[in-house]
Amino acid sequence: MVQRILEAGDIESLDHNAIPRLLLPQAASAFAARAARLRQLAGGAVGGTPVDATLGGYLLLMAALVDAQAAVSVALPRDAVTLPPLADMQQALAHRMPLIPVGGERDPVWRRIFSSLLDRLDSLAAAPPQLSAVLGELRGLDAAALDACADAVLAQDGAAVNALHAPFVAAALQVLWTVQAGMLHQLDVPVLETGTLCPVCGSHPVASAIRIGGQSQGYRYLQCGICTSEWHMVRVKCSTCESNSQIAYRSLDAIDAAALAQTAKPRSKANDPKKVARAETCEDCHSYRKIFNQEHDYYIEPLADDLASLTLDLLVSAAGYDRASGNPLLWFSAQA
Ligand SMILES: [Zn+2]
Ligand SMILES: [Zn+2]
């Protein structure tokens, strides 16, 4: 059992009826749900998120990688992953800083996780065709190259990574941080000064989701791209600059609104495929981040849905908005 950072008295003084401001991940189930969703999206089974054959192939490759993340997080020995020293976390809490910062010293166990991921992928009976070549390259990277890639991934420095290698390195880092995040207690995690960075690890959100069920019903959460924690942010607020003055939503509706008008079918309030994936744009900072709505599709998974909705990125960037932060499983760079 992990030692608590807060004393019992501090915990009692917190309001237990408040909405959960933080949803901490359980690595195995989080990765399993993500892999399942990637396969669903790859097969074109999700209305409102069109996926062509090329993207579908990439989503299946990433589904195999996420399967490996799930398997490796289960197989990790209990004592392989530890949290930072209690005194360090207490100090971070006192200063309202992330408890397991991505910018801090990296536990070298991440390299062991990385090679376990490659082993799992090597042993696949029906491996996606692109996989074997890239696995060979990844095995050839020395410790210095791996660490440089990890630094660039965590800093979201797309120009400094090989776009083919980065998703695999990011996957290993996600396993480490997601397992660590799952070892924390929700009430121990500080509320940061900024709502735009993960309170657990300080990384950027990959996308956001409107959740249903229990005390989170109807609330919006940002999902961390590295540790998979989700933290609450009110709706209709920019997740980059926190302005709420000029927020708008764009979806692929615009593209086929005409076709839709011709059929003129009455739509039910829930389960409308056109309302699953939208981009939240901000006129103050001209950025956007996607928001997925579980009221309209129960199985949304922010990182997976973000990866599959590249068409929406094209639409929104053509309208002049910059993507707020990258997806750890997709990199574009000149180095590839
Ligand atoms: Zn995080
Ligand atoms: Zn903004």
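In each ligand, atom 1 is the first atom listed, and ligand 1 is the first ligand listed. The figures here come from the full heavy-atom set of this structure, side chains too, leaving out hydrogens, waters and symmetry mates.
Taking 2.8 Å as the criterion, H286 does not count as a coordinating residue of the Zn ion (ligand 2), since none of its N, O or S atoms falls below it.
Judged purely by distance below 3.5 Å, without hydrogens or angles, the side chains of R289 and S325 pair a donor atom with an acceptor atom. Donor-acceptor pairing under 3.5 Å is recorded for the side chains of K290 and S309. Using modelled atom types and a 3.5 Å distance limit, the side chains of D284 and S245 yield a donor-acceptor pair.
Centred on the Zn ion (ligand 1), the SG atom of C224 and the SG atom of C227 lie at an angle of 110°, reported to 10°. Between the SG atom of C198 and the SG atom of C201, the angle centred on the Zn ion (ligand 1) amounts to 120° when rounded to 10°.
Note that the CE atom of M233 and the OG1 atom of T196 stand 6.0 Å from one another [nearest 0.5 Å].
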